[in-house]
Amino acid sequence: MSVTPALPIYEVLPAVREALTLHPLMVLQAPPGAGKSTALPPELLRESWLEGRGILVLQPRRVAARAVASRMAQNLGEEVGGTVGYRVRFDSRVSGRTRVTVMTEGILTRMLQGDPELPGVGLIVFDEFHERSLQADLALALVREVQENLRPDLKVLIMSATLDPALPARLQGDADTVPPHTVPLVASEGRAYPVEVKYLAADPAGTPDAAVVSAVSRALDEYAGDVLAFLPGTGEIRRALSALTARHPEVNVLPLYGDLSLEAQQRAILPDPDGRRRVVLATSIAETSLTLSGVRIVIDSGWTRKSHFDPGTGLSKLVTVRVTHDAATQRAGRAGRTAPGVALRLWSERTQAALSAAQPPEILEADLAPLTLELAGWGTPDPGALHWLDAPPERRLESARVLLRQLGALTGHAQVTPAGQKLLGLPTHPRLAHLLSAGAELGLGALAADVAALLEERDPLQGAGTDLGERLNVLRRWRNNQPAGGDVAVLERAERLARNWRQALRASPDNSPADPFQTGQLVALAYPERVAALRAGTRDRYLMAGGQGVRLPEADPHAGTPLLAVAHLDARLVAGEGRVYLASVVRLEDLQERVSEEAVVRWDTRTGTLLAQTERRLGAILLGAEPLKTVPPELRVRAMTEAVRQEGLELLNWTDAARQWQARVSSLRAWNGGEWPDLSDAALLERLDEWLPDLLGSARSREDLGRLGVLQAIQTLLPWNLNRQLDDLAPLALEVPSGSKVRLEYRQGGEAPILAVKLQELFGLADTPTVNAGRTPVLLHLLSPARRPVQVTQDLRSFWQKGYFEARKDLRGQYPRHPWPDDPWTAEATRKAKPRGT
């Protein structure tokens, strides 16, 4: 067993061996074509530390896993399943002699859940780790915990063509939380052939497949070698395949994507047996790991399709987006694997400069329901207990927990339930696993297998209405060799999936017409929050149990159906509603376990009254209601409190005395600090539960609330020791020299209180009156005998010295019967006018 000397990986093999001998974890960076995926693992089988155990090589895609295993076995002169084998979902070629097993990352997670010690495994290789798939991040976190606690002898090799330069340091961990260890990095420069990269003068108009067809035709005339063209998805591949096959019959045009059979994938990867030129139309699965012999021309549409999860709706959807800079680099490198090549990028250099550097790790954007269930099954429901390169976002984790509780897979404390353990045994999303498991328990195993297969696959009847039952019947007629219609390629893939699910559920195939209500019942098992009820007065608008509005396409056969179970929808809202693409009718009697009945007492803002009724609900869908004969006091108080919280304190009767008391406390808090509590409106709203319930009495309406005076209630919030100081520090009134007691007007926020008084009542007073133990002068509003403002001041002494005499000139003519002495300092203060005739 030896590495072909021409492969660049041979040059760094000694460094890799030394690093793995001395360290439990290492990183290898090697460019495409260096041999890291196919040549390195077999070479490591002879290492002494491996002690005869096996090697697991992880690939992010099934196509790559099969191709890499096939190439390794071919290099060894063996068939797949000998020294080298593979394991992917629903397909495995291994034997008792297998030492190197290539597998997708999710298969490793299943192995770890079955036996975390991984007996017989000495090395785990994470290939193409730069893709940072959700399953890769999860598998690495679990493997590192196994290394620390169960298998310190287990080795891990992380490798890719492009890696974050900071990865080794990030893997070393924090000395406070992870036992620190050195993570060596070995880099291979490789020997890739030069690739000439060409751009368009401007971004093309029209669809990606049309641009690719035109570029392929030009490339076949201008350059030598086979062509690899990247398109975003299977729809674009099919259209381009049809156009190019008609235009270039002399060329072998082949598709390459994940759902193809192994034989079809091999035809795309291997040279044409008749020596014809090939054009391979591929999705992003051809970016890494796979070497397509003879390819010297890469045509890149510049687009890719990725799953985007919206935590606001709990839905994932496929979106077509621009490739990132690193993905474009990987794609171009395919042209230089075996000879000099050319990469034709179907976008402008200006667009190239605007490309994102890389996709963010999937764990930061994906639906985390599968990961959350795996962690619960692992016995670590708190992700913080594991070592992540990027921790899963808590908001998305909580959304996943909510869903898994609805599916019965988690307890309220995020522990896995027995039903959740069953879901872990089915290699699919927890939604579909629940459909399959619960469907089998209902005796609907064959139907569940067909429904799950169709929901995982593309729609075989695109544009033919939303009825899932119609798709089921097409699949069953096709399986029974009857005229069916529909996309045959999709039906073939769906049947392969259905066959695997039937085997897992031990169900026999059923080709009879599908019962539409049983179909809807199964869809509701997978998507409990997407049961949708028809809105009153409409035929196409629905409210889902999760609270989102959805709409049927125009003139859809399901229009007017009272209750639907929605399987596929476009989460992008138009006028606040999503669009239904696939659904089935469902009966309420089949959903009774989810119907809740409870006494509901709530505030009706529209009528300003208390609404008290027993409601039957399916999530957000109100099925029926009856008035409550007796309203539980605690529910009434809670609802009325919530009414005040929603509409504000203005619902209550705020007397002037209440507002002045509140302002006095607020002023003392502003003047003297936090010993005095915050009793502002905002603070009172936050503390409603402390003071409002005892005030409510039997209130049930807006009018009742308007009669409730709040003064005594809010006074309970002032500690008794401060209540004793309140009148001393912030008195309600001050006595002035005339003998009058004049009320103060306190204001929120600590502004000086206002003392509005006739200036004659202050004769003889030299200094401004104060509150707050003499620390805060009041703001004097000095009034005329007619109680009109003459002066506003906090400096009474200055007024007597200057302002009084200016005011006296005007006022004594207007008010001759009132005293206007020459010396206000010594004059007698009075609140009366002079007697008539004096």
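Separation of atoms OG1 (T641) and CG (L685) is listed at 11.0 Å; rounding is to 0.5 Å. How far CH2 of W820 is from CD of Q760: 4.0 Å, rounded to the nearest 0.5 Å. The CG atom of L368 lies 5.0 Å from the CG atom of L397; values are rounded to the nearest 0.5 Å.
Listed here is the closest heavy atom pair of R831 and S738: NH1-O, 3.5 Å. Residues Q662 and L679 come closest through the heavy atom pair NE2-O, 2.9 Å. The shortest non-hydrogen separation linking L375 to L386 is CD2-CD1, 3.5 Å. Contact between Y542 and L534 at its shortest, heavy atoms only, is CD2-N, 3.3 Å.
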Criterion side-chain contact (heavy atoms from CB on, under 4.5 Å) on L729 and V771, from CA distance to verdict: CA-CA 6 Å; L729 297 176; V771 293; over 6 Å; no
Please assess L726 against L668 for the test side-chain contact (heavy atoms from CB on, under 4.5 Å), listing each intermediate value before the final yes or no. CA-CA 8 Å; L726 181 61; L668 289 170; 3.6 Å; yes
With salt bridge (Lys or Arg N to Asp or Glu O under 4.0 Å) as the test, would you mind laying out the steps for D689 and R645 before giving the verdict? CA-CA 10 Å; D689 294 330; R645 185 173 283 115; 3.8 Å; yes
Between R395 and E398, is the salt bridge (Lys or Arg N to Asp or Glu O under 4.0 Å) condition met? List the steps. CA-CA 5 Å; R395 184 167 60 94; E398 187 51 39; over 6 Å; no
With side-chain contact (heavy atoms from CB on, under 4.5 Å) as the test, would you mind laying out the steps for W691 and V710 before giving the verdict? CA-CA 9 Å; W691 62 272; V710 301; 4.2 Å; yes
Verify side-chain contact (heavy atoms from CB on, under 4.5 Å) between T793 and L782, making sure each step is shown before the conclusion. CA-CA 8 Å; T793 182; L782 301 176; 4.1 Å; yes
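For T776 (side chain) and N772 (main-chain N/O), no donor-acceptor pair under 3.5 Å exists by modelled atom type. Put simply, the side chain of R132 never gets that close to the backbone of P360: no donor and acceptor are under 3.5 Å apart. A distance-only check finds a donor-acceptor pair linking the side chain of E362 to the backbone of L134 [under 3.5 Å]. With hydrogens and angles ignored, the 3.5 Å screen pairs a side-chain donor or acceptor of R636 with a backbone N or O of A699. In terms of modelled atom types and a separation under 3.5 Å, the side chain of E642 and the main chain of R602 share no donor-acceptor contact. When atom types are taken as modelled, the side chain of W654 and the backbone of G709 share no donor-acceptor pair closer than 3.5 angstrom. Judged by distance alone, with hydrogens and angles left aside, the side-chain atoms of T768 form a donor-acceptor pair with the main-chain N or O of L796 at under 3.5 Å. T561 places no side-chain N or O within 3.5 Å of a backbone atom of L563 that could act as its donor or acceptor partner. Proximity of a side-chain donor or acceptor of S740 to a complementary backbone N or O of V736 within less than 3.5 Å is not detected. Not a single donor-acceptor pair under 3.5 Å links the side chain of E745 to the backbone N or O of I754.
Annotation for H781: atom NE2 counts as buried by contact number, over 12 foreign heavy atoms lying within 6.0 Å. Summarising the local packing, CD of E394 is surrounded by more than 12 heavy atoms from other residues, nucleotides or ligands at distances under 6.0 Å.
Using a 4.5 Å cut-off on side-chain heavy atoms (C-beta onward), L611 and V601 make no contact. Counting only heavy atoms from C-beta outward, the side chains of V790 and S784 approach each other to under 4.5 Å.
R539 and E554 are not joined by a salt bridge, as no carboxylate oxygen comes within less than 4.0 angstrom of a charged side-chain nitrogen. Salt bridge R541/E577: present, at least one basic N to carboxylate O contact under 4.0 Å. Taking a cutoff of 4.0 Å between a charged side-chain nitrogen and a carboxylate oxygen, D727 and R664 qualify as a salt bridge. Between K758 and E761 no salt bridge is recorded (no basic side-chain N to carboxylate O distance below 4.0 Å). Contact check on D822 versus R808 returns a salt bridge, with a Lys/Arg side-chain nitrogen under 4.0 Å from an Asp/Glu carboxylate oxygen. Salt-bridge annotation for D390 and R170: present, with a side-chain N of the basic residue lying under 4.0 Å from a carboxylate O of the acidic one. Salt-bridge annotation for R322 and D203: present, with a side-chain N of the basic residue lying under 4.0 Å from a carboxylate O of the acidic one.
Relative ring orientation between Y746 and W671 is described as tilted, the plane-to-plane angle lying within the 30° to 60° band. Classification of the W800-F763 ring pair by plane angle, with boundaries at 30° and 60°, yields tilted.
For the salt bridge (Lys or Arg N to Asp or Glu O under 4.0 Å) condition, the pairs that include at least one residue of residues 677-688, sequence neighbours left out, are R659-D681, R687-E690. Applying the salt bridge (Lys or Arg N to Asp or Glu O under 4.0 Å) test to pairs two or more places apart or on separate chains, those with a residue in residues 777-802 are D767-R797. Screening residues 697-710 for salt bridge (Lys or Arg N to Asp or Glu O under 4.0 Å) gives E647-R702, D704-R707 as the qualifying pairs, with residues at least two apart or on separate chains. The side chain to side chain donor-acceptor pair (under 3.5 Å) pairs that include a residue from residues 616-627 are E615-R617, where partners are two or more places apart or lie in different chains.
Considering Q359, K306, R396 as possible partners of E365, the one that fulfils the side chain to side chain donor-acceptor pair (under 3.5 Å) test is K306.
Listed by chain and residue number, Q748 satisfy the side-chain hydrogen bond (donor to acceptor under 3.5 Å, both in side chains) test with S666 (two or more places apart in sequence, or in another chain). Residues satisfying the salt bridge (charged side-chain N to carboxylate O under 4.0 Å, His left out) criterion with D382, sequence neighbours excluded, are absent altogether.
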